Colleague: 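I'd like to ask some things about the structure below.
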Amino acid sequence: MTKRTRSNTQETIDPVQDQVDHVVDTIQVSILQRSATLLEESIQNSRSSAVIARRRIQETYSPSTSPSVKKNKKQSEFLVAEHFLEKDRILTSESELSVGTRIKRACLKLYGKYDSLDKQEKTLVELGANSILDLTKHNSSHKKMFTNLEWKYLIKEFTSNFQDYELDADIEAKVSEIDKVNCLENAIDR
C-alpha cells in the first residue's frame, strides 16, 4: 500500500474548497428558508373562507382592552357573517346561497350574544356551528330561515321515509314516550 501524500497545491485548495462548501451550504439553507416562507404565505393566502371566518371570530372575541375593537365588534360580526361561504352545494330554488352558508351565517350573526339567546336561537347557533340542518322536528329552529317552498323541498329531499317498516310494540312504546317528552319540553319552552 502506498500512502498518498498531499501536495502543496492540494493543501491550498482544501481551505478554499471548505469555504466554497460553507458558502454553498449557507446559500442552500437561505433558499430553503425563503421557499418555506413563500410556501407558507401561499397556503395562508389560499385558505378557505371557513378558516378566514374563524380567524376573524377569534380576533373579534379575543379579550382586548382596545376601545376601537369593542366599538367595531358588531360591525365585525356582521362582516364575518355576511362574507362566510360554506362549501356545500345544496341549493334551493329561491336563493343563490347554499343551505350550509345560510345556516352558518345565521349562527355567526347570533354567536356573539349566545348567553342572552332563547333556547331555539341557542339551538340554531349550536347546530349551525357544525353546519347541521335540523329536519327532524316540525318546529325546527331552522324552519324560519327558509320559505315554506324551500322547507318542503328540504324535507322531501333529505328526510328518510320509513313508511314501509313496521316497528315492534316495545319500540313503538319507546318512540311514543320520547314524543311525549319532546312535547312537554316544547310546552315548557313556550
Side-chain angles (χ1 to χ4, degrees), residues 33-162 178 181-183 185-190:
Q33 287 174 336
R34 180 67 182 144
S35 296
T37 302
L38 290 173
L39 181 61
E40 186 177 283
E41 288 172 1
S42 174
I43 290 170
Q44 287 177 349
N45 290 336
S46 66
R47 286 182 169 176
S48 70
S49 62
V51 174
I52 294 169
R54 186 179 324 120
R55 181 175 38 87
R56 287 183 183 163
I57 288 170
Q58 288 170 344
E59 290 169 359
T60 302
Y61 295 107
S62 65
S64 173
T65 55
S66 168
S68 63
V69 171
K70 290 179 182 177
K71 182 179 178 184
N72 294 325
K73 184 175 178 182
K74 284 194 174 201
Q75 182 182 7
S76 179
E77 290 171 3
F78 177 78
L79 290 174
V80 169
E82 287 303 308
H83 290 92
F84 183 87
L85 293 172
E86 192 66 85
K87 290 186 177 185
D88 70 310
R89 294 183 183 151
I90 301 171
L91 298 172
T92 63
S93 61
E94 298 183 29
S95 177
E96 292 180 7
L97 296 175
S98 73
V99 171
T101 296
R102 293 165 72 181
I103 292 168
K104 190 71 78 166
R105 286 184 179 184
C107 165
L108 292 172
K109 287 177 184 175
L110 295 172
Y111 179 79
K113 44 190 173 184
Y114 182 82
D115 292 333
S116 64
L117 299 177
D118 64 32
K119 186 174 179 177
Q120 259 200 330
E121 291 171 321
K122 284 183 178 182
T123 301
L124 192 71
V125 172
E126 292 162 356
L127 295 174
N130 295 298
S131 300
I132 296 172
L133 174 62
D134 182 7
L135 297 172
T136 62
K137 298 176 187 150
H138 176 68
N139 64 344
S140 169
S141 55
H142 288 115
K143 189 173 182 177
K144 63 185 175 187
M145 295 172 42
F146 302 95
T147 66
N148 285 335
L149 184 64
E150 288 176 312
W151 190 251
K152 286 177 184 176
Y153 164 76
L154 291 169
I155 294 286
K156 182 181 175 191
E157 191 68 24
F158 298 105
T159 55
S160 299
N161 200 353
F162 292 107
I178 291 170
V181 170
N182 282 336
C183 288
E185 285 179 355
N186 291 335
I188 291 170
D189 288 342
R190 293 178 189 168

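Bear in mind the structure is a predicted one, so any value in this text is a computation, not a measurement. The chain is numbered in sequence order, starting from 1.
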Colleague: Would you indicate whether Lys144, at its atom NZ, is surrounded by more than 12 heavy atoms from other residues, nucleotides or ligands within a distance under 6.0 Å?
Modeller: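 Check passes, neighbour count above 12.
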
Colleague: Quick one: OG1 on Thr123 to CD1 on Ile132, what's the gap to the nearest 0.5 Å?
Modeller: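 If I round to the nearest 0.5 Å, the distance is 11.5 Å.
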
Colleague: Can you list the steps and then say if Ile90 with Phe158 is a side chain to side chain contact (heavy atoms under 4.5 Å, CB included)?
Modeller: CA-CA 11 Å; Ile90 301 171; Phe158 298 105; 3.8 Å; yes

Colleague: How many angstroms lie between CG in Leu154 and CG in Leu149, if you round to the nearest 0.5 Å?
Modeller: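 It is 9.5 Å, given to the nearest 0.5 Å.
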
Colleague: Does Glu94 CD have over 12 foreign heavy atoms under 6.0 Å away?
Modeller: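 Counting neighbours around CD of Glu94, more than 12 heavy atoms of other residues, nucleotides or ligands fall under 6.0 Å, so yes.
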
Colleague: Please report the closest heavy-atom contact between Ala129 and Lys104, naming both atoms and the distance.
Modeller: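 Heavy atoms of Ala129 and Lys104 come nearest at O-NZ, 2.8 Å.
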
Colleague: Does a donor on one side chain and an acceptor on the other come within less than 3.5 Å for Ser95 and Glu150?
Modeller: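 No, no side-chain donor-acceptor pair sits under 3.5 Å.
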
Colleague: What distance do Ile103 atom CD1 and Phe84 atom CZ have between them, rounded to the nearest 0.5 Å?
Modeller: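 Between Ile103 CD1 and Phe84 CZ, I get 11.0 Å after rounding to 0.5 Å.
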
Colleague: Which pair of non-hydrogen atoms, one from Thr92 and one from Arg102, has the smallest distance, and what is that distance?
Modeller: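 Heavy atoms only, the tightest pair is OG1-NH1, 3.4 Å.
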
Colleague: Looking only at heavy atoms, what is the nearest atom pair of Gly100 and Asp88, with distance?
Modeller: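 Nearest heavy atoms, Gly100 then Asp88: N-OD2, 2.9 Å.
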
Colleague: Identify the heavy atoms of Gln120 and Ser141 that sit nearest to each other, and give their distance.
Modeller: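 Distance-wise, the nearest heavy atoms are O-CB, 3.3 Å.
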
Colleague: Does the His142 side chain pair with the main chain of Gly128, one donor and one acceptor, at a distance under 3.5 Å?
Modeller: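 Not at all, since once roles are kept as given, no pair shorter than 3.5 Å links the two residues.
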
Colleague: Let me confirm one number: the OG-NZ distance from Ser116 to Lys122, rounded to the nearest 0.5 Å.
Modeller: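 It comes to 8.0 Å.
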
Colleague: Between His138 and Lys143, is there a side-chain heavy-atom distance shorter than 4.5 Å?
Modeller: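 Yes - at least one pair of side-chain heavy atoms lies under 4.5 Å apart.
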
Colleague: Where do Lys109 and Val125 land on the side chain to side chain contact (heavy atoms under 4.5 Å, CB included) test, with the steps shown first?
Modeller: CA-CA 9 Å; Lys109 287 177 184 175; Val125 172; over 6 Å; no

Colleague: With sequence neighbours left out, write down each residue that passes side-chain hydrogen bond (donor to acceptor under 3.5 Å, both in side chains) with Tyr114, or none if nothing qualifies.
Modeller: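 Tyr114: side-chain hydrogen bond (donor to acceptor under 3.5 Å, both in side chains) contacts with Glu126.
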
Colleague: CD1 of Ile155 to CG of Asn148: how many Å apart, nearest 0.5 Å?
Modeller: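 CG of Asn148 is found 11.5 Å from CD1 of Ile155.
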
Colleague: What is the minimum heavy-atom distance between Ser140 and Asp134, and which atoms define it?
Modeller: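 Shortest heavy-atom separation between Ser140 and Asp134 comes out as OG-O, 2.7 Å.
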
